[in-house]
Amino acid sequence: MLRSLLPALFLPCCPGCLKNHSGNRIFCTPCAARVELLQPPFCPRCGYPYSHGLDCPHCTLEPPPWQCAVSIFPYSGPVASAIRLGKYGNHPWIFSRLGELMAHIAREFSPRYILPVPTARSRWLKRGFNPAAILAREIACRMYNSPVSLLGNHVIRTDDHKPQAAKSKKERSTLPSDTFVLRRTLPAGGPILLVDDVMTTGATLKALSLSLATDVPVFALTLARTL
Ligand SMILES: [Zn+2]
Ligand SMILES: [Zn+2]
């Protein structure tokens, strides 16, 4: 674990390529040149690129249990490399850097609470960290004018889930309804922002959102999404 932190402690590194990189920008110049943003127009409910100004067909058929989901980047290029390096190369500091990129978008939701998508206990023990929790913490630290609270222990993930990348398309599109269990009453008050690193089918965010059984608005923000 400590060894994985060394690059962040002693070497200014680019999270996209792990090469030395000095300067204030998160990515090195070659990586930054290849970073793409998801470009509007989007479906207003799920954030999927959709050009008709209405809910996309998927959301029309099955409205998601949140108000609005937004992703910042397509899951490709240096952003995808950074996420993979962070998760599978055991570099949790990468998610601290990437969380900085999410904070200004998170402010637009004016959340009162931020809930990172929980990871299963077995996964946490194996990896030692939850990327979503690191992203959420970085976002919360940067909500300068509207303090938020992290809902770190209110929901647990019960499944010993396979990585999304290892699942079939059908497995990715649905999760058992008891995947997430609310173990503490949610505090009363304002909107809740769900945070995760990657959105694929939206099934994880959907299951988590439903588990909350709350009347307050729920939004979702992910760093990247597959297209
Ligand atoms: Zn780079
Ligand atoms: Zn949609």
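Each residue takes its place number in the sequence, starting with 1. Keep in mind the model is a prediction, meaning the values are calculated, not measured.
- Hydrophobic clustering (side-chain heavy atoms under 4.5 Å, transitive across Ile, Leu, Val, Met, Phe, Trp, Tyr) groups Val79 together with Leu18.
- Note that the CD1 atom of Ile139 and the CZ atom of Phe109 stand 10.0 Å from one another [nearest 0.5 Å].
- Heavy-atom minimum distance, Phe129 versus Pro131: O-CD, 3.8 Å.
- Inter-residue side-chain proximity for Leu208 and Pro118 is flagged as met; some heavy-atom pair is nearer than 4.5 Å.
- Judged as a side-chain contact (heavy atoms from CB on, under 4.5 Å), and not counting sequence neighbours, the contacts of Ala220 are Ala69, Leu194, Leu205.
- In this structure, SG in Cys59 is found 10.0 Å from OH in Tyr50, a value given to the nearest 0.5 Å.
- Residues His154 and Pro187 are in side-chain contact: their nearest non-hydrogen atoms beyond the backbone lie under 4.5 Å apart.
- At a cut-off of 3.5 Å, with distance as the only test, no side-chain donor of Arg157 or Thr179 sits close to an acceptor on the other residue.
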request  = Take Val155 and Val181 through the test side chain to side chain contact (heavy atoms under 4.5 Å, CB included) and record every step on the way to the result.
outcome  = CA-CA 6 Å; Val155 184; Val181 175; 5.9 Å; no
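- Residues Ile26 and Trp93 fall within the same hydrophobic cluster, defined by Ile, Leu, Val, Met, Phe, Trp and Tyr side chains chained together at heavy-atom separations under 4.5 Å.
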query = Would Ile72 and Ile105 satisfy side chain to side chain contact (heavy atoms under 4.5 Å, CB included), going step by step from the backbone distance to the final call?
reply = CA-CA 8 Å; Ile72 303 174; Ile105 302 291; 3.9 Å; yes
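- In this structure, Thr158 contributes its side chain and Asp178 its backbone to a donor-acceptor pair below 3.5 Å.
- Within the 4.5 Å cutoff, the side chain of Ser96 has heavy atoms near those of the Arg137 side chain.
- When hydrophobic clusters are built by joining Ile, Leu, Val, Met, Phe, Trp and Tyr residues whose side-chain heavy atoms come closer than 4.5 Å, directly or via intermediates, Leu101 is grouped together with Leu85.
- Looking at Tyr113, its side chain does come within 3.5 Å of a backbone N or O of Ala188 through a donor-acceptor pair.
- Taking the side chain to side chain donor-acceptor pair (under 3.5 Å) definition, one finds that Arg45 meets it with nothing, sequence neighbours left out.
- Side-chain atoms of Val218 and Gln67, non-hydrogen and from C-beta on, never get closer than 4.5 Å to each other.
- In this structure, the separation between CG on Leu115 and CG on Leu186 is 8.0 Å, given to the nearest 0.5 Å.
- Ser110 places none of its side-chain heavy atoms less than 4.5 Å from the side chain of Pro191.
- Residues Leu227 and Pro49 approach most closely at CD2-CD, 3.7 Å, considering heavy atoms.
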message = Determine whether Arg107 and Arg142 satisfy the following criterion, side chain to side chain contact (heavy atoms under 4.5 Å, CB included), listing intermediate values before the conclusion.
response = CA-CA 9 Å; Arg107 286 185 212 119; Arg142 288 168 174 75; 3.9 Å; yes
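- A distance of 10.5 Å separates CZ of Arg112 from CE of Met143, quoted to the nearest 0.5 Å.
- Closest non-hydrogen pair, Thr222 versus Met102, comes out as C-CE, 3.7 Å.
- Separating the NE2 atom in His58 from the OH atom in Tyr48 is a distance of 11.0 Å, to the nearest 0.5 Å.
- In terms of heavy-atom proximity, Pro44 sits nearest to Cys68 at O-SG, 3.6 Å.
- Nearest heavy-atom pair across Cys28 and Cys17 is SG-SG, 3.8 Å.
- Interatomic distance, Glu100 CD to Cys141 SG, rounded to the nearest 0.5 Å: 10.0 Å.
- Between the Asn130 side chain and the Val117 main chain, a donor and an acceptor come within less than 3.5 Å of each other.
- For His21 (side chain) and Arg25 (main-chain N/O), a donor-acceptor pair under 3.5 Å exists by modelled atom type.
- No donor-acceptor pair under 3.5 Å is formed between the side chain of Ser71 and the backbone N or O of Phe73.
- The heavy-atom pair separating Ala82 from Phe27 by the smallest distance is CB-CE2, 4.2 Å.
- The shortest distance between side-chain heavy atoms of Leu37 and Gln39 falls below 4.5 Å.
- Residues Thr226 and Thr200 have side chains that never bring a donor and an acceptor to within less than 3.5 angstrom of each other.
- Criterion: ILVMFWY side-chain heavy atoms under 4.5 Å apart, direct or through other members. Under it, Val198 and Leu193 are part of a common hydrophobic cluster.
- Within the structure, the salt bridge (Lys or Arg N to Asp or Glu O under 4.0 Å) test picks out the following pairs touching residues 70-90 (sequence neighbours left out): Lys87-Asp197.
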key: Derivation and outcome, side chain to side chain contact (heavy atoms under 4.5 Å, CB included), residues Met199 and Tyr75   = CA-CA 9 Å; Met199 181 173 176; Tyr75 185 65; over 6 Å; no
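- In the hydrophobic cluster analysis, where Ile, Leu, Val, Met, Phe, Trp and Tyr join through side-chain heavy atoms closer than 4.5 angstrom, Phe180 is grouped together with Leu182.
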